[in-house]
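Only heavy atoms go into these numbers, but all of them, side chains included; no hydrogens, no water, no symmetry mates. What you are looking at is a predicted structure, and each value in this text was computed from that prediction instead of being measured.
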Amino acid sequence: MPNFISLYRGQAKPKNQQDGMAHMGVWKEWIGSLGDAVVVNAGTPLMGAVIISSDGLSTEPNPNAVGGYMIFSAKNMEGALKIAQTDPYLKMENATLEV
């Protein structure tokens, strides 16, 4: 099966520590439920993006910056999209995924 990467975008964050712990529990349960999808990297958060362009460097907040990623296997893009659409990250405010 080919590998796919799911990019976590939107700078979604829990409202407080309790919501963060609850989300993490749901997310861990979701990861465990993926079954046939071989999770190569269950998730890596990224912090402090610096945008590089021909104009130079920018550390200005970017609401569409990649905040993390997950690498997983699926039979094809359709299967990968079905998996990504069930990711609990999408329940957080301003959250989007790119596969």
Side-chain angles (χ1 to χ4, degrees):
M1 283 197 290
N3 287 339
F4 294 87
I5 188 167
S6 181
L7 300 175
Y8 292 91
R9 294 187 178 271
Q11 302 302 307
K13 294 182 180 168
K15 293 178 179 150
N16 54 50
Q17 186 176 3
Q18 185 177 358
D19 285 353
M21 298 293 285
H23 174 76
M24 185 59 71
V26 169
W27 185 81
K28 285 180 179 182
E29 191 174 306
W30 174 73
I31 288 291
S33 75
L34 290 179
D36 291 343
V38 176
V39 177
V40 178
N41 179 320
T44 300
L46 303 173
M47 306 295 173
V50 175
I51 306 299
I52 303 169
S53 71
S54 60
D55 294 331
L57 306 176
S58 173
T59 57
E60 293 296 316
N62 179 350
N64 198 33
V66 176
Y69 66 91
M70 179 177 99
I71 302 172
F72 62 99
S73 296
K75 290 181 181 177
N76 51 37
M77 179 59 95
E78 182 180 333
L81 293 175
K82 285 181 180 178
I83 290 169
Q85 288 172 324
T86 65
D87 191 320
Y89 179 75
L90 293 171
K91 293 181 181 177
M92 294 173 51
E93 188 175 337
N94 299 319
T96 62
L97 294 175
E98 181 178 340
V99 176

Checklist outcome for this item: side-chain hydrogen bond (donor to acceptor under 3.5 Å, both in side chains) pairs touching residues 18-31, sequence neighbours excluded, are Trp30-Thr86

Item to check | Greater than 12 external heavy atoms within 6.0 Å of Met1's CE | outcome: yes

Item to check | Residue pair Ala80 / Val99: nearest heavy atoms and the distance that separates them | outcome: CB-CG1, 4.1 Å

Checklist entry - Do you know which two heavy atoms are closest between Tyr69 and Leu7, and how far apart they sit? => result CB-CD2, 4.0 Å

Next on the checklist: For a 4.5 angstrom cut-off between non-hydrogen side-chain atoms, does Ile31 reach Met70?
Outcome noted: yes

Next on the checklist: Which residues pass the side chain to side chain contact (heavy atoms under 4.5 Å, CB included) test with Glu60, not counting sequence neighbours?
Outcome noted: Ser58

Next on the checklist: With a 4.5 Å cut-off on side-chain heavy atoms, are Asp87 and Tyr8 touching?
Outcome noted: yes

Checklist entry - Transitive ILVMFWY cluster of Leu57 at side-chain heavy atoms under 4.5 Å: who else is in it? => result Val50, Ile52

Checklist entry - Between atom CG of Leu90 and atom OG1 of Thr96, what is the distance when rounded to the nearest 0.5 Å? => result 8.0 Å

Checklist entry - Residues two or more places apart in sequence or in another chain: which of them pass side-chain hydrogen bond (donor to acceptor under 3.5 Å, both in side chains) with Ser53? => result none

Checklist entry - Looking only at heavy atoms, what is the nearest atom pair of Leu97 and Ala84, with distance? => result CD1-O, 3.3 Å

Checklist entry - Measuring from Leu34:CG to Ile83:CD1, what's the distance to the nearest 0.5 Å? => result 6.0 Å

Report, one line per pair, each donor and acceptor closer than 3.5 Å where one atom sits in a side chain of residues 71-79; sequence neighbours left out.
{"from": "Ser73", "atom 1": "OG", "to": "Asn3", "atom 2": "OD1", "distance (Å)": "2.6"}
{"from": "Asn76", "atom 1": "OD1", "to": "Glu78", "atom 2": "N", "distance (Å)": "3.2"}
{"from": "Asn76", "atom 1": "OD1", "to": "Gly79", "atom 2": "N", "distance (Å)": "2.8"}

